Amino acid sequence: MARLSFLDVKKSFAGVTVLDDFTLEVGEGELVTLLGPSGCGKSTALRLLAGFIEPDGGEIAIDGIDVRSVPPHRRDLGIVFQDYALFPDRSVFANVAYGLAARRLSGGETRQRVTAILARVGLESLADRRPAHISGGQRQRVALARALAIDPRALLLDEPLSALDAAVRAAMRAFLKEIQQSFGKTTLLVTHDQEEALSLSDRIAVMTGGRIVEVGTPRDIFERPRTATVARLVGSNTLVPVEAVTVTGEACFARVAGGTLAAEMTTAGRSSLLLCLRSDHLDLGPPDGGGPVGRVVQSHYLGRRLEAVIRLQSGHDVHVTAGEDDPFLRKGEAVALRLRHPGRLLDAAT
Ligand SMILES: Nc1ncnc2c1ncn2[C@@H]1O[C@H](COP(=O)(O)OP(=O)(O)OP(=O)(O)O)[C@@H](O)[C@H]1O
Ligand SMILES: [Mg+2]
């Protein structure tokens with residue numbers, strides 16, 4: 001088990017900055033996820049740690065030791081690539097044994113180690129197959145087994161589940177968590193899938209534009225974002241400008257889009273504020289309850305729930321999760337918003 005750290009790392013390609021002031025620490029045995037939109041620099045961070053590319057500045061360390069001059073194969077990291085990068089002309093067994101070739105194990109030791117890992121990931125009966133002759137979920141397990149076979153100091157997983165269809169992905173997510181915990185490997189995972197990040201991570205680092213915006217537990221990130229950027233990227237939130245804040249005894253209210261909504265107590269000063277409206281905390285009511293008024297402009301059937309868009313008189317579109325039997329959910333219906341839990345007040349500049 002190892003501790004991984006990035007300190008003030010910078011990287012640009014052809015003059016374009018891709019990572020800036022990138023600082024992150026992954027503790028021993030911890031699973032930390034880099035979560036962010038496509039192109040924000042997630043894979044670049046992983047590739048820097050793996051040693052495939054070099055930083056322009058800053059420090060990258062494993063267990064506190066700067067690894068910038070250590071070649072990739074000496075960093076002892078188990079890597080799973082998004083497309084798995086299996087050798088198509090080698091068997092499952094040979095793919096998993098690949099990383100062991102450089103380790104001068106005897107034939108017997110290699111066989112024993114590979115067989116044990118294949119059994120651990122449930123692939124022992126497929127050892128002689130080629131990657132083309134197994135399923136996507138099985139290929140994912142081969143890639144994971146290959147990464148684990150070298151008994152790495154840490155695992156680096158780049159979108160390991162994105163090539164799988166939804167049903168297999170859910171099963172593999174649980175399996176990945178179980179493997180990571182039972183092997184106790186420090187893991188840096190990259191994904192743009194927030195459910196994956198929320199369900200697998202000890203901590204999540206939310207990134208955008210080459211920078212980490214916030215680091216926190218899944219609950220911190222989802223329920224208590226500290227920045228408007230994270231509230232926009234994670235969850236299903238609408239941020240609406242606050243016109244005024246009133247505090248009455250223990251209660252706090254924000255005036256938004258001409259109506260009043262419950263807000264959490266804030267110590268924020270004069271900065272311009274946004275009220276974060278969580279789609280699953282909003283209710284629709286008759287347009288005379290004091291909340292901001294708008295009209296239902298869309299509703300989408302999503303199986304267990306409906307997602308409606310309410311266009312407020314101010315022009316803001318707010319997303320609301322509703323039950324199918326919600327009496328107000330008719331297109332064109334005039335409604336007012338109500339919050340079941342106080343909304344978060346966030347500094348617009350964050
Ligand atoms: N070798 C390279 N040369 C030039 N530009 C690159 C190179 N590698 C990455 N980039 C650019 O750096 C940016 C970040 O790329 P990166 O692969 O880290 O993104 P990402 O967050 O992993 O995105 P995705 O979720 O789509 O995989 C992108 O704009 C990409 O085009
Ligand atoms: Mg990527």
Side-chain angles (χ1 to χ4, degrees), residues 4-26 31-62 67-68 71-72 75 77-86 136 139-140 143-144 146-147 152 154-166 168-169 172-173 176 180 186-201 203-216 218 221-222 225 227 229-236:
L4 312 172
S5 39
F6 295 84
L7 183 64
D8 258 340
V9 171
K10 293 185 196 341
K11 180 70 186 170
S12 49
F13 292 110
V16 179
T17 302
V18 170
L19 284 185
D20 205 8
D21 285 340
F22 188 89
T23 297
L24 179 70
E25 174 117 1
V26 185
L31 190 155
V32 172
T33 298
L34 297 177
L35 173 67
S38 186
C40 72
K42 307 180 295 293
S43 294
T44 301
L46 218 65
R47 290 159 57 79
L48 284 164
L49 182 62
F52 302 142
I53 49 176
E54 287 181 18
D56 301 331
E59 194 180 296
I60 296 173
I62 301 179
V67 291
R68 277 174 300 175
R75 295 191 189 188
L77 300 169
I79 304 168
V80 173
F81 298 94
Q82 178 163 359
D83 59 0
Y84 310 147
L86 300 177
R139 278 197 285 276
Q140 205 280 346
L144 194 57
R146 183 174 64 180
L155 284 173
L156 309 187
L157 311 175
D158 195 347
E159 306 265 10
L161 306 178
S162 67
L164 305 173
D165 64 48
V168 184
R169 197 184 310 166
M172 281 309 297
R173 198 197 282 163
L176 191 62
Q180 188 264 339
T186 306
T187 302
L188 184 58
L189 174 86
V190 160
T191 185
H192 61 267
D193 181 312
Q194 54 167 290
E195 249 184 51
E196 205 169 295
L198 292 167
S199 65
L200 286 172
S201 314
R203 287 186 304 142
I204 299 174
V206 183
M207 288 183 70
T208 177
R211 285 171 185 269
I212 293 178
V213 195
E214 275 185 51
V215 186
I221 294 293
F222 190 84
T227 59
T229 305
V230 169
R232 282 194 191 93
L233 288 172
V234 182
S236 171

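Note that ligands are numbered from 1 as they come in the structure, with each ligand's atoms numbered from 1 the same way. From a predicted model like this one, the values you see are computed outputs, not experimental measurements.
- Taking any N or O of Cys40, backbone or side chain, at least one lies under 3.5 Å from an N or O belonging to ligand 1.
- Contact record, Ile60 with Pro55: CD1-CG, 4.0 Å, taken as the closest heavy-atom pair.
- For atom 6 (C) of ligand 1, the closest heavy atom belonging to the protein is Phe13 CD1, 3.2 Å.
- Within a 4.0 Å radius of atom 31 (O) of ligand 1, the protein has no heavy atom.
- Summarising the geometry of Leu48 relative to Ile53, their closest heavy-atom pair is CD2-O, 3.6 Å, with the distance given to 0.1 Å.
- By the 3.5 Å distance cut-off applied to N or O atoms, Val18 is not counted among the residues near ligand 1.
- Nearest heavy-atom pair, Ala143 versus Val80, reported as atom, atom and distance to 0.1 Å: O-CG2, 3.6 Å.
- The distance cut-off of 2.8 Å around the Mg ion (ligand 2) captures these protein N, O or S atoms, sorted by chain and number: Ser43 OG.
- Annotation: salt bridge (Lys or Arg N to Asp or Glu O under 4.0 Å) contacts of Glu195 (sequence neighbours excluded): Arg173.
- Protein heavy atom in closest approach to atom 25 (O) of ligand 1: Lys42 NZ, 2.7 Å.
- Here the side chain of Lys11 pairs a donor or acceptor atom with the backbone of Glu54 at under 3.5 angstrom.
- In this view, Arg232 satisfies the salt bridge (Lys or Arg N to Asp or Glu O under 4.0 Å) rule with no residue, not counting sequence neighbours.
- Contacts between Glu159 and ligand 1, counted as non-hydrogen atom pairs separated by less than 4.0 Å, involve the side chain only.
- Residue Phe22 comes nearest to Ala45 through the heavy atom pair CZ-CB, 3.8 Å, listed as atom of the first residue, atom of the second, then distance.
- In terms of protein heavy atoms, atom 26 (O) of ligand 1 is closest to Ser38 OG, 2.5 Å.
- Take Asp20 and apply the salt bridge (Lys or Arg N to Asp or Glu O under 4.0 Å) test, not counting sequence neighbours, and it matches Lys10, Arg211.
- The nearest pair of heavy atoms linking Met207 to Leu34 is SD-CD2, 4.1 Å.
- Not one N or O of His192 is nearer than 3.5 Å to an N or O of ligand 1, by distance alone.
- At a distance under 4.0 Å, a protein heavy atom can be found next to atom 9 (C) of ligand 1.
- At least one N or O atom of Thr44 sits closer than 3.5 Å to an N or O atom of ligand 1.
- A side-chain N or O of Asp56 and one of Ser12 form a donor-acceptor pair less than 3.5 Å apart.
- A distance of 6.5 Å separates CD of Gln194 from CZ of Phe222, quoted to the nearest 0.5 Å.
- For atom 17 (O) of ligand 1, the nearest non-hydrogen atom of the protein is Ser43 CB, 3.6 Å.
- The single protein non-hydrogen atom nearest to atom 14 (C) of ligand 1 is Gly39 O, 3.3 Å, given as residue, atom name and distance.
- Between the side chain of Thr23 and the backbone N or O of Asp8, at least one donor-acceptor pair lies under 3.5 Å.
- Using a 4.0 Å cutoff on heavy atoms, Gly41 counts as a contact of ligand 1.
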